[in-house]
Amino acid sequence: MEGTLTQALPYVVGALCFVTALCLLRRPLEGLLRLAGRTGVGLGFLALFAPFGRLVGAALGVNLFNALVLGALGAPGFGLLLLWNWLLR
């Protein structure tokens with residue numbers, strides 16, 4: 001009986017540490033998950049905008065950086081990406 005308790009103790013302590021870390025980091029993890037979701041939506045928007053953007057002459061690359069800018073800044077980020085694309089030409 002004593003051997004089983006000694007073997008299980010590290011797992012119990014590890015699980016308690018994991019649960020404590022999740023409780024402490026709940027708000028930052030929620031923010032990261034929210035940003036990840038918004039980045040995914042931004043990536044989808046860029047993929048939908050790519051064919052139409054080429055027709056108008058405002059082609060933006062479908063990449064993670066552009067999606068992160070859209071996810072973090074939203075519609076103003078889209079304007080920023082278009083302005084940046086225009087300035088770099």
Side-chain angles (χ1 to χ4, degrees):
M1 179 80 171
E2 186 178 314
T4 347
L5 183 60
T6 309
Q7 290 175 349
L9 188 61
Y11 295 109
V12 171
V13 170
L16 286 174
C17 288
F18 181 71
V19 168
T20 303
L22 280 180
C23 288
L24 290 174
L25 298 174
R26 187 182 74 187
R27 290 190 61 146
L29 287 176
E30 285 176 359
L32 283 176
L33 286 175
R34 187 173 171 191
L35 179 63
R38 291 175 59 130
T39 299
V41 170
L43 194 62
F45 175 77
L46 284 171
L48 290 174
F49 178 74
F52 301 112
R54 287 192 185 103
L55 293 175
V56 211
L60 290 175
V62 181
N63 56 41
L64 186 58
F65 177 77
N66 288 347
L68 274 170
V69 169
L70 283 178
L73 299 177
F78 182 66
L80 176 71
L81 288 172
L82 288 176
L83 182 65
W84 196 12
N85 187 18
W86 178 72
L87 286 175
L88 292 178
R89 283 187 182 198

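Side-chain atoms are counted along with the backbone in the values below, which use heavy atoms only and exclude waters and symmetry mates.
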Atom pairs and distances, donor-acceptor, side-chain atoms in residues 13-20, under 3.5 Å, two or more places apart:
{"unit_1": "T20", "atom_1": "OG1", "unit_2": "L16", "atom_2": "O", "d": "2.7"}

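- L22 and Y11 fall into different hydrophobic clusters, defined by Ile, Leu, Val, Met, Phe, Trp and Tyr side-chain heavy atoms under 4.5 Å apart, directly or through other members.
- The structure places CG of L60 at 10.0 Å from CZ of R54, a figure rounded to the nearest 0.5 Å.
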Can you give each donor-acceptor pair under 3.5 Å made by side-chain atoms of residues 34-43, sequence neighbours left out, with the distance rounded to 0.1 Å?
{"unit_1": "R38", "atom_1": "NE", "unit_2": "G71", "atom_2": "O", "d": "2.8"}
{"unit_1": "R38", "atom_1": "NH2", "unit_2": "G71", "atom_2": "O", "d": "3.4"}
{"unit_1": "T39", "atom_1": "OG1", "unit_2": "L35", "atom_2": "O", "d": "2.7"}

Can you give the donor-acceptor pairs under 3.5 Å from side chains of residues 73-89 to other protein atoms, not counting sequence neighbours?
{"unit_1": "N85", "atom_1": "ND2", "unit_2": "A59", "atom_2": "O", "d": "2.7"}
{"unit_1": "R89", "atom_1": "NH1", "unit_2": "G57", "atom_2": "O", "d": "3.4"}

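- With hydrophobic clusters built from ILVMFWY side chains whose heavy atoms lie under 4.5 angstrom apart, L70 shares a cluster with F49.
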